Amino acid sequence: MTYQNTITRMRDVITANGPSWAAIDPENAARMAIQNRFRTGLDIARYTAQIMRADMAAYDADPAQYTQSLGCWHGFIAQQKLIAIKKHFGSTKRRYLYLSGWMVAALRSEFGPLPDQSMHEKTSVPALIEEIYTFLKQADARELGMMFRALDTARKAGDAVEAKRLENAIDNYETHVVPIIADIDAGFGNAEATYLLAKKMIEAGACALQIENQVSDEKQCGHQDGKVTVPHEDFLQKIRACRHAFLELGVEDGIIVARTDSLGAGLTKQIAYSKEPGDLGDQYNSFLDADEVDPANITNGQVFISRDGKLLAPKRLPSNLYQFRPGTGEDRVVLDCITSLQNGADLLWIETEKPHVEQIAGMVDRIREVVPNAKLVYNNSPSFNWTLNFRQQVFDAWQAAGKDVSAYDRSRLMSVEYDGTALAEEADEKIRTFQRDASARAGIFHHLITLPTYHTAALSTDNLAREYFGDAGMLGYVKNVQRKEIREGIACVKHQNMAGSDIGDDHKEYFAGEAALKAGGVHNTMNQFEAA
């Protein structure tokens, strides 16, 4: 609906309801409707799923069309990120949001900071999704409100050309609402629990759910030790549960991201059920670290499986977990990924221990032999020491090529003394192009950083505390925060406007007319920033 069509529709509704509605201005009502394009979270999920599906198709046609996101732990952080993207790039195209279970646990649990082990309240995840979209919708309302005010100013000045330009801009307005990939961890329980939580997340607006193949009650952060995976059928039940949730709620093109932690997981909680040799359960069990057993030497409490006519005893730990054979991680990852895609998943997530294009590509090549259009969501994790990893990669490449590396100590390449060297500069260039290179070579459709705003909040707060509580005093805030906000055009420098004061003033005028008591008058100190 265009701006003028919306006004006409509102006028018809008001007229049809008779004189008692006559005091309602149709243009004001139209403006409020346009400022609230998305009525429910399901409207958002359906809208963003279409965007993400179109982006996936575009990537299949051209790997340069990869997508990106940053993890956000609060609605305000997500809002400022999208405002910044629109300011700097003019469009939100191919830029998403990521909701990290790690950050929910660390920052949003009523228990206080928790490790990433699915101990936080499961309802805090859909609550954060809803919060994020509330802030993004408010960003729309704020920006459109400013456009409406500019339209009124143009009309009062008799500038028909500017008024028409603004109406066209309103009609073609790009929302701050973008797809969110939301972390459902390992489902917080069995398949039914996964389904119930998935529904809540979708109803809050999530079009893409990321679920991992760890045991839900033993779940660990992907970059910590002690990870325990489940047999494929257990995981596939949860993928089906997510799909049923999408279909039930009418989000028929919702996206499921199947994450495998098998590369770093050396344990399983259970032996898979197998009916016949070579079935999925048997393939899972084939990776178990097991010893052939002489029936005459069976000991108390041993568990056995049979394979190829032999009696085997899987190695069972005091924790009652079973371990996989060393060196089987990549093979298990490939089987996990193929199986997930063949059973309803749309995208893959391979959790790795380092950002290495060829390591990722080696696994993806094998997956694509079976599923040619397989593509990944990849965690550009802050758990990686990117500087050290890439300097070591360059060191190794130089050494393999016979280049003199005697000036460098491989174990100390993080040291500041190497900053500015040829090796460091080459490593930085590889970091800069990592996402582009990995998308072209290793099938990565979406690059995300899980915890960036956690780290940026800590860093900026540390900098402010050092300055403000030190010799700089108030200048520590003014010089390093407010002055930069003004000069770099940061929207929230006018924090009253950012929090919705002007929107409230508009509503007061709609509701009360000349009797409205507005907050944005001449004595509002925010007016000091008009001349910035």
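As the structure is a prediction and not an experimental result, all values here were calculated from the model. Just the heavy atoms: all of them, side chains too, but no hydrogens, waters or symmetry mates, feed the values below.
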(message) I want to know whether F235 and Y284 have ring centres closer than 6.0 Å.
(response)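 Between F235 and Y284, the centre distance exceeds or equals 6.0 Å.
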(message) If you take the centroid of each ring, where Trp contributes its six-membered ring, are Y47 and F38 closer together than 6.0 Å?
(response)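 Under 6.0 Å, so yes.
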With a 4.0 Å cut-off, would you call [X] and [Y] a salt bridge?
X	Y	result
D152	R31	yes
R259	D261	yes
E121	R108	no

To check you understand the geometry: which heavy-atom pair defines the closest contact between [X] and [Y], and what is its length?
X	Y	answer
A499	Q138	C-NE2, 3.6 Å
A206	I180	CA-CG2, 3.7 Å
T175	T92	O-OG1, 4.0 Å
I360	A442	CG2-CB, 3.8 Å
L347	L341	N-CD2, 4.4 Å
C242	I211	SG-CD1, 4.4 Å

Ring geometry between [Y] and [X] (parallel below 30°, tilted from 30 to 60°, perpendicular above 60°):
X	Y	result
F434	Y378	tilted
W386	F390	parallel
Y98	W349	tilted

Check whether [X] reaches the backbone of [Y] with its side chain - one donor and one acceptor, N or O, closer than 3.5 Å.
X	Y	answer
K122	I184	no
D331	T328	no
H120	V104	no
R53	G254	yes
R366	V334	no
K87	A491	no
Y59	I444	yes
D183	S100	no
K269	V228	no
N389	N385	yes

Does atom [atom1] of [X] have more than 12 heavy-atom neighbours, drawn from other residues, nucleotides or ligands, at distances under 6.0 Å?
X	atom1	value
H74	NE2	yes
Y454	OH	no
Q35	CD	yes
K430	NZ	no

(message) Does the Lys NZ or Arg CZ of K93 fall within the cation-pi geometry relative to Y66 - under 6.0 Å from the ring centre and within 45° of the axis?
(response)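 So K93 doesn't make the cation-pi contact.
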Are [X] and [Y] side-chain neighbours, meaning at least one heavy-atom pair lies under 4.5 Å?
X	Y	value
V13	W21	yes
T229	L267	no
H446	V257	no
N168	R165	no
E203	V251	no

How long is the straight-line distance from [atom2] of [Y] back to [atom1] of [X], given to the nearest 0.5 Å?
X	Y	atom1	atom2	value
H88	E488	NE2	CD	7.5 Å
Y322	N285	OH	CG	10.5 Å
R95	F89	CZ	CZ	5.0 Å

(request) Decide yes or no on side-chain contact (heavy atoms from CB on, under 4.5 Å) for Q359 and V364, but give the supporting numbers first. (result) CA-CA 9 Å; Q359 179 199 31; V364 172; over 6 Å; no
(message) Assess the residue pair I271 and L288 against the criterion (side-chain contact (heavy atoms from CB on, under 4.5 Å)); give the C-alpha distance rounded to whole Å, side-chain angles, the decisive distance to 0.1 Å, and a yes or no.
(response) CA-CA 9 Å; I271 296 170; L288 292 171; 4.2 Å; yes
(request) Report the C-alpha separation of K86 and E143 in whole Å, then their side-chain angles, then the decisive distance to 0.1 Å, and conclude whether the salt bridge (charged side-chain N to carboxylate O under 4.0 Å, His left out) test is met. (result) CA-CA 11 Å; K86 288 190 73 174; E143 192 170 29; 3.1 Å; yes
(message) Consider side chain to side chain contact (heavy atoms under 4.5 Å, CB included). Of H176, M498, E131, which one does Q79 pass it with?
(response)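 Answer after filtering H176, M498, E131: M498.
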(request) Can you spot which of M52, K375, R243 makes a side chain to side chain contact (heavy atoms under 4.5 Å, CB included) with D346? (result)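 That would be R243; it is the only one of M52, K375, R243 passing the side chain to side chain contact (heavy atoms under 4.5 Å, CB included) with D346.
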(message) One pair to check against side-chain contact (heavy atoms from CB on, under 4.5 Å): Q214 and V230. What are the steps and the verdict?
(response) CA-CA 6 Å; Q214 292 193 52; V230 297; over 6 Å; no
(request) Carefully, step by step, assess E353 and L263 under the rule side-chain contact (heavy atoms from CB on, under 4.5 Å). (result) CA-CA 8 Å; E353 82 288 358; L263 194 61; 3.6 Å; yes
